[in-house]
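Data block below; observations after.
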There are 2 protein chains.
Amino acid sequence: MELRHLRYFIAVAEELHFGNAAQRLNISQPPLSAQIKELEQNLNVQLLKRTNRSVALTEAGEYLYELSVQMLARLEKETAILQEIDRGERGKIAIGFGGSVVFQILPRVLTLIKKQYPKLEIHVSQLTTKQQIQALLTGDIDLALLVPPVGDEELNTHPFYEEKFIVCLPKSHPLASSTGPIAMEDVSNEPLIISPREAGEGYFEAVRSLYIKSNTVMNIAQYSTEQQTMVSLVAAEFGISFVPESTSHIQHHNVVYKEIDVTHYKETVLTWHKHTQTPLVHGVVELLKTFKV
Amino acid sequence: MELRHLRYFIAVAEELHFGNAAQRLNISQPPLSAQIKELEQNLNVQLLKRTNRSVALTEAGEYLYELSVQMLARLEKETAILQEIDRGERGKIAIGFGGSVVFQILPRVLTLIKKQYPKLEIHVSQLTTKQQIQALLTGDIDLALLVPPVGDEELNTHPFYEEKFIVCLPKSHPLASSTGPIAMEDVSNEPLIISPREAGEGYFEAVRSLYIKSNTVMNIAQYSTEQQTMVSLVAAEFGISFVPESTSHIQHHNVVYKEIDVTHYKETVLTWHKHTQTPLVHGVVELLKTFKV
DNA sequence: TTCTTTCCATACGTAATACGTATCAACATC
DNA sequence: GATGTTGATACGTATTACGTATGGAAAGAA
């Protein structure tokens with residue numbers, strides 16, 4: 001059986017007249033009769049009650065008519081979907097991101113993508129840098145926003161955005177009410193709350209470079225992966241923390257954010273697998289390359 | 001696009017190898033390549049990522065593969081259903097019946113049909129004889145169990161079963177505790193509860209013939225269409241009623257059923273439209289012709 | 001490297017089949 | 001009974017799906 005048989009049968013079922021149906025199909029009547037006959041033999045089912053003058057559907061014919069219409073309609077709909085997938089307008093994309101982009105950047109990224117790819121299914125998962133790299137390599141995610149370095153030849157990166165580090169102090173801290181940037185040497189001995197190196201070396205190294213640039217030494221008091229937790233720990237006076245500017249959106253009655261005299265940027269890069277061949281991922285990468293803070 | 005394209009594509013998608021796929025399809029490799037190419041051009045979608053050495057599915061290809069498998073599986077399943085419909089094993093049949101068959105006969109009829117046609121959808125509706133005839137003529141029901149006469153040339157009938165009339169008396173009635181058949185002349189003046197002539201003349205005439213045979217006269221007190229209601233009215237001492245034997249299954253603390261000295265049978269006939277062409281209805285009719293009480 | 005093998009694409013002739021024209025047979029209408 | 005309508009049949013034609021032979025590119029072996 002071929003779809004042609006169904007198409008022809010639909011015409012006959014609707015016209016109940018071989019001649020008219022044939023005309024509608026732009027073929028002549030005899031081959032149409034032959035095709036319908038072939039369909040009946042193929043299915044081993046009588047679809048039409050024929051008198052020499054007229055045609056009527058049998059019960060099975062009624063059923064096949066409904067079925068055929070459904071099938072062809074579905075096929076047409078699915079063809080359109082296939083074309084959308086082919087053009088990269090439709091599909092699934094999984095994006096990983098670090099905790100630091102969640103507040104300001106991620107919503108704007110999603111909005112940007114949704115605007116150009118309204119039918120796209122976007123899966124997002126918050127992961128550490130290390131987890132993101134792993135997920136990119138296994139194909140669990142297609143795209144990641146993470147803090148470099150990546151250190152894997154299989155992954156491509158593109159600068160995405162950067163933001164300055166600021167310091168997060170408890171309100172009780174002597175410098176909490178000072179004006180102007182805080183000098184690094186004034187807080188060098190303070191107990192430090194920092195993300196563990198294992199979660200991603202980029203963040204850890206970035207903070208460490210603040211100390212190196214100012215010739216001071218780190219005094220790590222507590223590790224924490226989540227930005228939110230770090231702020232809470234500062235509020236609980238476990239120590240101070242250096243966080244990207246955007247984290248200052250986490251307001252807490254017992255913490256203040258201050259600029260520091262050493263300017264260092266936390267970079268975030270767009271990362272994807274080198275051998276990604278889907279046009280969809282490429283499209284989204286190219287779109288995100290245009291992203292401006 | 002034809003189903004052939006989908007069949008071929010499934011083979012290629014599963015083998016990821018044109019040669020092997022072609023072998024599975026019992027064709028040679030070049031026409032397979034050509035058909036797949038044609039499919040891609042037809043859909044205007046790239047389904048396969050080809051290197052000169054290997055084949056991989058694109059996202060759209062994955063999607064079409066799943067779709068094709070679904071479609072062909074469905075078509076196969078539906079073909080089997082079509083054949084069942086064609087053989088009259090599957091479908092819908094609507095049966096009308098009078099109130100008097102509901103207790104003993106109808107369950108057995110349904111059981112009989114279900115046994116031979118397990119996949120049949122049986123619709124039953126309780127109607128008066130007149131309504132049944134009307135419904136048969138309009139095609140609302142395919143089959144009816146009703147009390148003759150039918151009086152319509154378009155309808156075929158076949159004797160189905162018959163049962164004796166008995167009398168239903170209130171317990172307070174003088175004859176309620178008598179033994180042996182009740183004489184018609186002893187109840188000839190009693191107020192009578194009977195089904196209206198408009199509901200179906202068969203029932204009405206059958207009861208009337210009881211009076212004619214015994215040379216007595218009817219004294220109609222109350223009309224009621226439902227057997228259940230008739231018994232209730234007897235219980236409420238509105239009068240007596242002549243009912244088919246099977247109605248005695250409606251037990252009521254205030255009524256008794258007694259045989260009568262005039263034997264008259266209430267006939268029930270199987271009725272269907274003369275021009276019914278579906279094998280299913282014919283099959284069920286033939287089946288019901290074998291029904292024995 | 002060079003040879004061989006693998007595997008998809010191309011070229012082209014062949015065979016199957018879907019289609020068109022002409023006609024028939026059955027039925028309805030006038 | 002003549003005419004028109006409608007589906008089926010007969011048969012030739014055209015399309016197209018298929019097979020054989022071959023090409024070209026990449027991977028593996030010598």
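So you know, we letter chains A, B, ... as the sequences are listed, proteins then strands, and number each from 1.
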For the pair made of [atom1] in [X] and [atom2] in [N], what is the distance, rounded to whole Å?
| X | N | atom1 | atom2 | answer |
| --- | --- | --- | --- | --- |
| A/Lys49 | D/dG7 | NZ | P | 16 Å |
| A/Gln35 | D/dT9 | CD | P | 15 Å |
| B/His5 | D/dT16 | NE2 | C1' | 10 Å |
| B/Glu38 | D/dT16 | CD | C1' | 8 Å |
| B/Asn20 | C/dC7 | CG | C1' | 10 Å |
| B/Gln23 | C/dT6 | CD | C1' | 15 Å |
| B/Ile27 | D/dT20 | CD1 | P | 12 Å |
| A/Gln41 | C/dT17 | CD | C1' | 15 Å |

Kindly state which residues belonging to residues 9-17 of chain B come within less than 4.0 angstrom of DNA chain D, counting heavy atoms of the residue only, listed by number. none

Partners passing side-chain contact (heavy atoms from CB on, under 4.5 Å) against B/Asn42 (at least two apart in sequence or in another chain): none

Among residues two or more places apart or on two chains, list those pairs meeting ring-ring contact (aromatic ring centres under 6.0 Å, His included) that have a residue in residues 135-162 of chain A. A/Phe160-A/Phe291

Please name all residues satisfying ring-ring contact (aromatic ring centres under 6.0 Å, His included) with [X], sequence neighbours left out, ordered by chain then number.
| X | value |
| --- | --- |
| B/His273 | B/His275 |
| B/Tyr8 | none |
| B/His5 | none |

Taken in chain and number order and not counting sequence neighbours, the residues that satisfy side-chain hydrogen bond (donor to acceptor under 3.5 Å, both in side chains) with B/Glu205 are B/Arg197, B/Arg208

What is the distance from atom OG1 of B/Thr138 to atom CG of B/Leu136, rounded to the nearest 0.5 Å? 8.0 Å

Quick one: list whatever passes salt bridge (Lys or Arg N to Asp or Glu O under 4.0 Å) with B/Glu66, sequence neighbours left out. none

Those residues that, when tested against A/Glu121, pass salt bridge (Lys or Arg N to Asp or Glu O under 4.0 Å) (two or more places apart): none

For the helix from C/dT1-D/dA30 to C/dC30-D/dG1, figure out the bend between the end axes, five pairs an end, and round to 10 degrees. 20°

Does A/Asn26 reach a base, just sugar-phosphate, or nothing at all? Heavy atoms under 4.0 Å. sugar-phosphate

How would you label the contact of B/Glu2 with the nucleic acid (heavy atoms, under 4.0 Å): base, sugar-phosphate, or nothing? nothing

Nearest-nucleotide check on DNA chain C, A/Leu32 vs A/Thr51; residue mapping nearer the 5' end is A/Leu32

Just by modelled atom types, is the A/Tyr203 backbone N or O under 3.5 Å from a matching donor or acceptor in the A/Lys266 side chain? no

Distances for protein N or O near nucleotides 9-14 of chain C N or O, under 3.5 Å:
residue : atom : partner : partner atom : Å
C/dA9   : OP1  : B/Arg50 : NE           : 2.3
C/dA9   : OP2  : B/Ser33 : OG           : 3.1
C/dA9   : N7   : B/Gln29 : NE2          : 3.0
C/dA9   : N6   : B/Gln29 : OE1          : 3.2
C/dT10  : OP2  : B/Lys37 : NZ           : 3.2

Atom pairs and distances, side-chain donor-acceptor, residues 85-94 of chain A, under 3.5 Å, sequence neighbours left out:
residue : atom : partner : partner atom : Å
A/Asp86 : OD1  : B/Gln46 : N            : 3.1
A/Arg87 : NE   : A/Glu89 : OE2          : 2.9
A/Arg87 : NH2  : A/Glu89 : OE1          : 3.4
A/Arg90 : NH1  : A/Glu84 : OE1          : 2.9

